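The shown structure was predicted, so the numbers you read here are calculated from the model rather than taken from an experiment.
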Amino acid sequence: MTSTPSEHQLRIIDGALLSAKLIKDASEAAAVLGPLKVTAGLVITILETIRDVKTNKEDWVTLGEHLSNQIKDIHDDLSRCPTAPSTELLLVVNTYEQKLGNILAKVRLTTGRGRFERYLHSRMDKEEIGTLRRDVDTCWKDFMRKITVQVHEAAHRIEEGVKNVETSVDAIGDTSYIAKLVPFPSATGADHNTCLTGTRTEVLDYVRQWVDYQNPTQVCWLTDVAGAGKSTIAKQLSGEWKTEGRLGACFFFNKNHPDTTNKQAFCDTVAAQLANNQPQLVPSIVDGIKAIGPVLSVCPFEEKLEKLVIRPLKDTAVVLVIDAADECEERDRNILLRNLLRSLTQATRLKILITSRPERDITELLGSYRSPTDSLHDVGLKSNQHDIGIFVKHEMEHLVRTGKLTAEEVTQLANRVNCLFILASTACKVIQKSLRPRSRLQDLMDPKRNSLGDINKLYLAILTKACQADQDGQSTDSEAPKEVIEVLQAILAAAAPLSISTIDTLLGSESTGRVVEFLASVLNVRHDGTVVILHPTFREFLEDRRKAGTFHIDTAEAHELMAKGCLATMKRELRLNICRLESSFMRNKDVPDFEERVSKYISGQLQYGCTHWLDHVTKSRERWGEDGGTAVLHFVGGGSPLYWMEVLSALGKVPKILRDLQEVGSWYSEKKLRNKIDDIKQFLIAFLTPISDSIPHIYISSIPFAARKSYIRQEVEDLFPKTMSVLTGCSENWPEPPQEWRGHTGGVSSVAFSPDGRRIASGSLDLTIRLWDTETGQPLREPLRGHTDCIQSVSFSPDGRRIVSGSGDKTIRLWDTETVRIIIPTWSPNCIRLRICR
C-alpha cells in the first residue's frame with residue numbers, strides 16, 4: 001500500500017488534467033463539440049479527486065490517464081466529423097457520462113476512508129477499478145463504431161450532393177420565386193428553450209423511436225395541460241432533427257405573436273423552411289409558386305397547402321413539427337389539421353409531430369394518434385418528480401453556490417411545485433429576481449397561501465407583490481396597481497411585441513420599465529428589446545375575472561387604450577414628407593438609403609400606430625362606441641390620411657390597411673364617418689400601385705387624378721397648389737361596382753347577402769354556386785360544385801361561415817365559405833326550398 005504519491009504519478013495526473021481542460025475549453029467554443037463539455041468536466045473532477053487517493057494510487061492514476069486519452073480520441077473524431085452528432089451518438093455520450101459518474105462516486109468514497117478501512121478494502125477496490133475501466137471501454141468502443149458510421153454516411157450525402165449540383169444550380173435561378181413567400185420568423189420557436197440533459201427522457205425516447213424506426217403511424221400527438229413542457233420538447237426535437245437533416249419545418253403557434261394564431265401564416269412559413277432545410281425540394285416549391293401565379297398573397301389556404309407543402313413532400317421522408325395547435329384559432333386549426341390528415345395519403349413518407357392541450361375539437365381529430373407516454377405533470381410519477389428536481393436545482397444553482405440558499409431549501413422547493421414545469425419555472429424566476437431570495441422563498445412556501453400548489457395563486461402573489469414594491473423592492477402605498485394594469489393591457493392587446501419605450505410612448509407613461517422589472521418572472525424582454533408574456537397561462541389568468549380579481553384585464557378596454565395611444569401618436573408625429581426625400585423621380589426601393597431613412601424618421605411607436613390603429617378601433621368598438629367614432633373622424637379629416645399613407649408606403653402595409661378599412665367602416669352608423677372611410681379606401685384602391693411604390697406620388701399622381709368629389713381631394717387640394725391640374729377626364733365620383741356581374745353559364749335562380757354585407761352567394765341553373773365581392777363585383781374563389789341539378793335556393797348561416805343550398809336533385813348541401821368544400825354528408829329531404837332562420 002503506497003502512503004504518498006510519487007512525483008511521476010503527479011506529472012501523469014497534471015498532464016491528463018491539462019489535456020482534459022483544453023478539451024473542455026474547445027467544447028465551449030465549438031457547437032459540434034458541445035456534448036463533450038459535461039464529459040470533460042467529469043474527467044477533470046475525477047482527476048482532481050485522484051490526487052487525494054491513498055489506496056491503489058497507481059491503478060487510479062492509470063485509469064485517470066486512460067480516461068483523458070479516451071476523451072481526446074472522442075474530441076478528435078467529433079472535430080473531423082462533417083456533421084453535428086446524431087441523436088444515437090449523443091445517447092452513447094450520455095451513457096459514457098453515467099459511467100464516469102460511477103467512477104467519480106467510487107473515487108470520492110475511497111478518499112473518505114480512514115487508514116484501517118483503506119487497508120481492508122484495498123483488494124476489493126483493485127477489482128472494482130478493473131470493472132469500472134471495462135465499463136467505460138465498452139461505451140468508448142460503441143462511440144467509435146457509431147462515429148465511424150456517421151462519418152461514412154456524411155461522406156455519402158456529400159457525394160450525393162455533388163451529383164445534384166446541376167439541379168441546385170437550376171434552383172438558384174428560382175430564388176426570386178422563393179423570395180415571394182412571406183414567412184413569419186416568430187413562428188420558428190425562438191421564444192422557447194430546449195430540455196435540460198436528463199429530463200423528459202421517456203417521452204423524448206418514444207418520439208425519437210417513432211421517427212427512427214419503421215413505425216407506420218405518420219402522426220404523433222403529444223398532449224397535456226398548459227405548462228407541462230410540451231413546447232420545450234418540441235423545440236428540443238426540432239433542433240435535433242434539423243441537425244440530423246430530417247426536419248422539414250416547424251411551426252410554433254404563439255399568442256404573443258397574433259400573426260401566428262391563425263392558418264394564414266402557415267403555408268408560407270413552412271414552404272420557406274422546406275426550401276432552406278431540404279434544398280432538393282426547391283424546384284417543386286417553385287413550381288407551386290408559379291402555378292398559383294400573381295395571387296399568391298390571397299390564394300386560398302387549401303390550394304397553398306397542396307401546391308407549396310404537400311406536393312413537394314410527396315416522396316420525401318421528413319418531419320413537420322407543429323407546436324401549441326391550441327393557440328391557433330379554433331376554426332383555423334380545424335381546417336389546418338383536417339387538411340394535413342387528408343394529405344397523408346399523398347405524402348406517405350411524411351411524419352408530423354403535433355403538440356397541444358387536450359381541447360375537445362383537437363381530441364376529436366387527433367385522439368387516435370395520441371402518444372402513449374405518461375402524463376407530463378402527474379405528481380405520482382417518479383420521472384416527473386425527478387425532472388422537476390433537476391430543473392429546480394439547475395435554476396437555483398447560482399443562489400446555492402453564493403450561499404443565498406441552501407441545497408436543502410432548494411430540494412424543499414422542488415418537492416412543493418406540484419410537478420408542473422411552468423409552476424417550477426415561474427417560482428424560480430420569482431426567487432432569482434428578488435433582492436432577498438430566502439425571504440421570497442419562505443413567502444412562496446407558506447402553506448396558508450398555497451402559492452406553489454396552484455399556478456393562478458402564484459400569479460396572484462406575483463402581481464400583489466409588484467403592486468406593493470417601490471424601486472428598492474420595499475412595500476409602498478403608491479397607486480402602482482393602475483400602472484401595472486395599463487402596462488399589462490398594452491402587452492396583452494398589442495398586435496405585435498412592443499419595446500418598453502414604445503409602450504411608454506403609447507401610454508403616455510414612464511413606468512413600463514419599472515413594471516416589467518417587477519414582473520420579470522412572468523414577462524420576458526427578448527433580445528430585440530420587445531416585451532412578451534412568458535407563458536400563455538399568464539394571459540389566460542389575466543383575462544379570467546374569477547381568477548385574476550382586481551388584476552383582470554378587459555380586452556375591449558385594453559384595445560381602447562391602445563387605439564387612443566395610436567391615434568395620439570399619429571396626430572403628434574405624422575408630417576409631410578416624413579422620410580425627407582429629395583426627389584420624386586425614384587421609387588422607394590431605388591432610394592439608396594431608404595431603409596435607414598425609415599428607421600431614422602419613423603419611430604417604433606409611429607410604425608406600430610399606423611399599422612395597427614384600425615385593429616384596435618375595431619376590437620374596442622362595443623366599449624368605445626360613438627366616442628371612438630368621433631376620434632376616428634377627427635383623424636381622417638384634413639391631411640392626416642395622406643401623411644398616414646406615407647408611412648404605409650414606406651412600410652409596405654397598404655394591402656393590409658385595405659382589409660382593415662373594410663372592417664372598421666362597417667361598424668359606425670354616423671354617415672359622414674362611413675363616407676370618409678369609404679373615400680380613403682377608394683383612394684387607396686384607385687392608386688394602389690403609385691402609393692405603394694413611391695411616397696411622393698401620393699401627392700403628385702394621386703391627388704390630381706382623384707374623383708373631384710373625393711373628400712381627400714377637396715380637403716387637401718389647396719394645400720398643394722403646385723401639383724398639376726387635370727382639366728378634363730377626371731370623374732366626379734369614384735366608379736360604382738359593375739351593374740352586371742357575369743360568370744354563370746345558366747340562369748340565376750337564387751341570391752343571398754352574407755350577414756356582414758360583403759359577399760353575395762348566387763345559385764344557378766348551371767349547377768354551381770358562386771360567391772361575389774359586393775364592393776368590386778368580382779367573383780371570389782372557384783364556383784361551388786356538387787349538385788347534379790339546378791340550384792333552387794341558397795342562404796348564409798348567421799355567422800357567414802356556411803352556405804346551405806337546395807337543388808332540383810332533391811338534396812341539401814352545406815358548404816364552408818372558406819374552404820369551398822362540402823362539410824357534411826348530403827341530406828335528401830322531400831322539400832326543395834329552405835331558409836335559415838336568424
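One side chain, Ser649 or Asn588, offers a donor N or O that lies under 3.5 Å from an acceptor on the other. A donor-acceptor pair shorter than 3.5 Å cannot be found between the side chains of Asn334 and Arg331. There is no side-chain donor-acceptor pair under 3.5 Å between Thr232 and His192.
Using a cut-off of 4.0 Å between Lys/Arg side-chain N and Asp/Glu carboxylate O, Arg333 and Asp326 are scored as not salt-bridged. We find that Lys304 and Asp268 are joined by a salt bridge, their nearest charged nitrogen and carboxylate oxygen being less than 4.0 Å apart.
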Margin query: side-chain hydrogen bond (donor to acceptor under 3.5 Å, both in side chains) for Trp221 and Ser356? Distances and angles first, verdict last.
Written below: CA-CA 8 Å; Trp221 178 39; Ser356 77; 2.9 Å; yes
Margin query: Could you go through Lys242 and Asn277, starting from their C-alpha distance and side-chain angles, then the distance that decides it, and tell me whether this counts as side-chain hydrogen bond (donor to acceptor under 3.5 Å, both in side chains)?
Written below: CA-CA 7 Å; Lys242 183 176 176 65; Asn277 296 335; 2.7 Å; yes
Notebook entry, point to check: So Asp816 and Arg802, salt bridge (charged side-chain N to carboxylate O under 4.0 Å, His left out) or not? Walk me through it.
Noted result: CA-CA 5 Å; Asp816 187 307; Arg802 307 284 188 267; 3.4 Å; yes
Margin query: Working note: Trp772 + Ser762, criterion side-chain hydrogen bond (donor to acceptor under 3.5 Å, both in side chains); need CA distance, chi angles, decisive distance, verdict.
Written below: CA-CA 8 Å; Trp772 308 82; Ser762 60; 2.8 Å; yes
Next item on the list: For the pair Ile233 and Leu204, evaluate side chain to side chain contact (heavy atoms under 4.5 Å, CB included) and give the outcome as yes or no after the intermediate values.
Entry: CA-CA 7 Å; Ile233 292 170; Leu204 288 172; 3.9 Å; yes
Next item on the list: Determine, stepwise, if the pair Ile335 / Glu302 fulfils side chain to side chain contact (heavy atoms under 4.5 Å, CB included).
Entry: CA-CA 9 Å; Ile335 293 171; Glu302 287 74 14; 3.2 Å; yes
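Remark: the backbone N or O of Leu492 is paired with a side-chain donor or acceptor of Arg539 at under 3.5 angstrom. Remark: side-chain polar atoms of Gln236 are paired, donor with acceptor, to backbone N or O of Cys195 under 3.5 angstrom. When atom types are taken as modelled, the side chain of Asp332 and the backbone of Cys328 share no donor-acceptor pair closer than 3.5 angstrom. Without hydrogens or angle criteria, Asp323 side chain to Thr355 main chain gives no donor-acceptor distance under 3.5 Å. Side-chain N or O atoms of Ser764 include one that pairs as donor or acceptor with a backbone N or O of Asp766 at under 3.5 Å. Side-chain atoms of Tyr608 come within 3.5 Å of backbone atoms of Ala495 as a donor-acceptor pair (strictly under, hydrogens ignored). The main-chain N or O of Val225 is found under 3.5 Å from a side-chain atom of Lys230 such that the two form a donor-acceptor pair.
For the side-chain contact (heavy atoms from CB on, under 4.5 Å) test, residues two or more places apart in sequence or in another chain that qualify with Lys653 are Thr611, Leu648, Leu651. Qualifying side-chain contact (heavy atoms from CB on, under 4.5 Å) partners for Ala226, counting only residues two or more places apart in sequence or in other chains: Arg357, His535, Thr537. Residues forming a ring pair (Phe, Tyr, Trp, His ring centres under 6.0 Å) with His257 (at least two apart in sequence, or on another chain): none.
Under the side chain to side chain contact (heavy atoms under 4.5 Å, CB included) test applied with Tyr369, the options Ile354, Thr223, Leu341, Leu353 reduce to a single match, Leu341.
Phe251 and Phe266 have tilted rings, their planes meeting at an angle from 30° to 60° on a 0 to 90° scale.
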